[in-house]
Amino acid sequence: MADHFFLAAKLDMPRDTKISKVGSNVTLINVMKIAGPNMLGISLTRIDYAPLGENPPHRHPCATEILTVLEGTLYVGFVTSNPENKLFSKELRKGDVFV
């Protein structure tokens, strides 16, 4: 059934960043909302940021994250695992992508 692979998520609509203490609003689309891709490990997230908003440090032990900026600028990065704990970071602008 095609509806198992579809969600009218309205990801084109900005979300309210004032409801968060960190100035961001995360809209997660995963298997809990779209049943079709079950067991594929696929998810999509829209993150709206207020000025100076942030997405607190977090982990993805078995996943990859790809970021793209639709408007404004965004400072992004990640820290490698032990023993190096090396920071890879970049300031992204509209249209940029960071893995």
Student: My understanding is that only residues two or more places apart in sequence, or in another chain, count here; which of them pass side chain to side chain contact (heavy atoms under 4.5 Å, CB included) with N82?
Tutor: N85
Student: When rounded to the nearest 0.5 angstrom, what distance separates CG in L28 from OG1 in T45?
Tutor: 4.5 Å
Student: Please name all residues satisfying side chain to side chain contact (heavy atoms under 4.5 Å, CB included) with A9, sequence neighbours left out, ordered by chain then number.
Tutor: L7, L11, I29
Student: After noting the C-alpha distance and the side-chain angles of V97 and L67, does the key distance pass the side-chain contact (heavy atoms from CB on, under 4.5 Å) rule?
Tutor: CA-CA 5 Å; V97 175; L67 301 168; over 6 Å; no
Student: Quick check on L40: does its CG atom have over 12 non-hydrogen neighbours (other residues, nucleotides or ligands) under 6.0 Å away?
Tutor: yes
Student: Could you state the interatomic distance from OG1 (T64) to CZ (F78), rounded to the nearest 0.5 Å?
Tutor: 10.0 Å
Student: Filter on salt bridge (charged side-chain N to carboxylate O under 4.0 Å, His left out), then keep only pairs touching residues 30-50, sequence neighbours left out; what's left?
Tutor: R46-D48
Student: Quick one: which residue pairs count as a salt bridge (charged side-chain N to carboxylate O under 4.0 Å, His left out) with a foot in residues 56-75, not counting sequence neighbours?
Tutor: none
Student: Treating Ile, Leu, Val, Met, Phe, Trp and Tyr as nodes and any side-chain heavy-atom pair under 4.5 angstrom as an edge, say whether L92 and F88 lie in one connected cluster.
Tutor: yes
Student: Measure the spacing between CD1 of I47 and CG of L70 and express it to the nearest 0.5 Å.
Tutor: 11.5 Å
Student: Going by side chain to side chain donor-acceptor pair (under 3.5 Å), name the pairs with one or both residues in residues 12-28, residues two or more places apart or in two chains.
Tutor: R15-T27
Student: Mind jotting down which residue pairs meet the salt bridge (charged side-chain N to carboxylate O under 4.0 Å, His left out) criterion with at least one end in residues 81-99? Sequence neighbours excluded, please.
Tutor: E91-R93
Student: For the atom pair OG1 (T68) and CZ (F98), what is the distance rounded to the nearest 0.5 Å?
Tutor: 12.5 Å
Student: Is it true that V69 and V26 fall in one hydrophobic cluster, defined by side-chain heavy atoms closer than 4.5 Å?
Tutor: yes
Student: Working to the nearest 0.5 angstrom, can you tell me the gap between N55 CG and Y49 OH?
Tutor: 4.0 Å
